[in-house]
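In what follows, a structure is listed as structure tokens, so that the remarks can point back to it.
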Amino acid sequence: AKPKDTSAMDTKKSTDSDDNSDPFGIKVRIDFLLREGKDLYTSTEYGEAVGKYSLAISLVGDSDSMDNTKALLFANRAASLMMLGAYRFAALDCAAAANLSSTILPGMPITTKGGPVLTAKVLTRMGRALLKSGDIEGAEKAFQDSIAAADSVLAMIGHDCDSYLEQ
């Protein structure tokens, strides 16, 4: 009897494992899921959007190099959860997003997709979620933290403008 040809199966196995360990392939999938989630959100399909963001978050895993992406995914999932009335879960996602996006690195561009601008935004969203859930004290703290984060962004912008004008 002829030995069974397993080369096609071996290729398939190695391709699958390569896809799972390829950060670029994972990044492409995450970006695709992020876009799908946004489209579903704008179509008022909030539950489906939560699913897309959840899947993308699981693909990111614990990678420190993708903290801003993961923060954005948590922030977007929180927005979807807010629309579903799941305010406590939204507040938890906002806290995760704020924690991940609060890192300010030298030379970091000021963008709404990460860093201190996203932190200010999600802390405001967190305040709204806590307020809707009846946690007035938690909401007040989140709003105060949001104002502090916004002040740091304004200070960064002022510093960047001053540096630019000095050139």
Are [X] and [Y] connected, step by step, through hydrophobic side chains (Ile, Leu, Val, Met, Phe, Trp, Tyr) whose heavy atoms are closer than 4.5 Å?
X: Leu72; Y: Leu33; result: yes
X: Met83; Y: Leu92; result: yes
X: Leu40; Y: Val50; result: no
X: Leu84; Y: Phe89; result: yes
X: Leu73; Y: Leu100; result: yes

Contact summary for [X] and [Y], nearest pair of heavy atoms:
X: Ala49; Y: Ser80; answer: CB-OG, 3.5 Å
X: Ala90; Y: Ala129; answer: CB-CB, 4.2 Å
X: Ala75; Y: Arg125; answer: O-NH1, 2.6 Å
X: Ala98; Y: Leu123; answer: CB-CD2, 3.9 Å
X: Ile26; Y: Leu59; answer: CG2-O, 3.8 Å
X: Val122; Y: Ala97; answer: CG1-CB, 3.9 Å

Self-check item: Verdict with reasoning, Asp39 to Arg35, per salt bridge (charged side-chain N to carboxylate O under 4.0 Å, His left out)
Solution: CA-CA 6 Å; Asp39 291 344; Arg35 282 192 306 277; over 6 Å; no
Exercise. Report yes if the side chains of Leu55 and Arg29 come closer than 4.5 Å at any heavy-atom pair, otherwise no.
Key: no
Practice problem: Find out whether Leu131 and Ile136 are in side-chain contact, i.e. whether some heavy atom of one side chain is under 4.5 Å from a heavy atom of the other. | Solution: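 Contact flag for Leu131/Ile136 side chains = yes.
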Measure the spacing between [atom1] of [X] and [atom2] of [Y] and express it to the nearest 0.5 Å.
X: Tyr53; Y: Glu36; atom1: OH; atom2: CD; value: 10.5 Å
X: Asn76; Y: Tyr41; atom1: CG; atom2: OH; value: 9.0 Å
X: Lys70; Y: Ile30; atom1: NZ; atom2: CD1; value: 9.5 Å
X: Thr42; Y: Lys38; atom1: OG1; atom2: NZ; value: 10.0 Å
X: Leu34; Y: Arg77; atom1: CG; atom2: CZ; value: 13.0 Å
X: Met82; Y: Arg128; atom1: CE; atom2: CZ; value: 4.0 Å

Practice problem: Count the heavy atoms belonging to other residues, nucleotides or ligands that lie under 6.0 Å from CZ of Phe143, then report whether that count exceeds 12. | Solution: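 Counting neighbours around CZ of Phe143, more than 12 heavy atoms of other residues, nucleotides or ligands fall under 6.0 Å, so yes.
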Quiz item: Is Lys52 atom NZ crowded by more than 12 heavy atoms from other residues, nucleotides or ligands, each under 6.0 Å away?
Solution: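 Atom NZ in Lys52 is not crowded, with 12 or fewer foreign heavy atoms closer than 6.0 Å.
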Quiz item: Knowing that exactly one of Thr124, Thr119, Asp151 qualifies, which makes a side-chain contact (heavy atoms from CB on, under 4.5 Å) with Ser146?
Solution: Thr124
Self-check item: side-chain contact (heavy atoms from CB on, under 4.5 Å) evaluation trace for Gln144 with Glu140
Solution: CA-CA 6 Å; Gln144 289 172 349; Glu140 183 179 11; 3.5 Å; yes
Self-check item: Ion pair Arg88/Asp135, N-O distance below 4.0 Å
Solution: yes
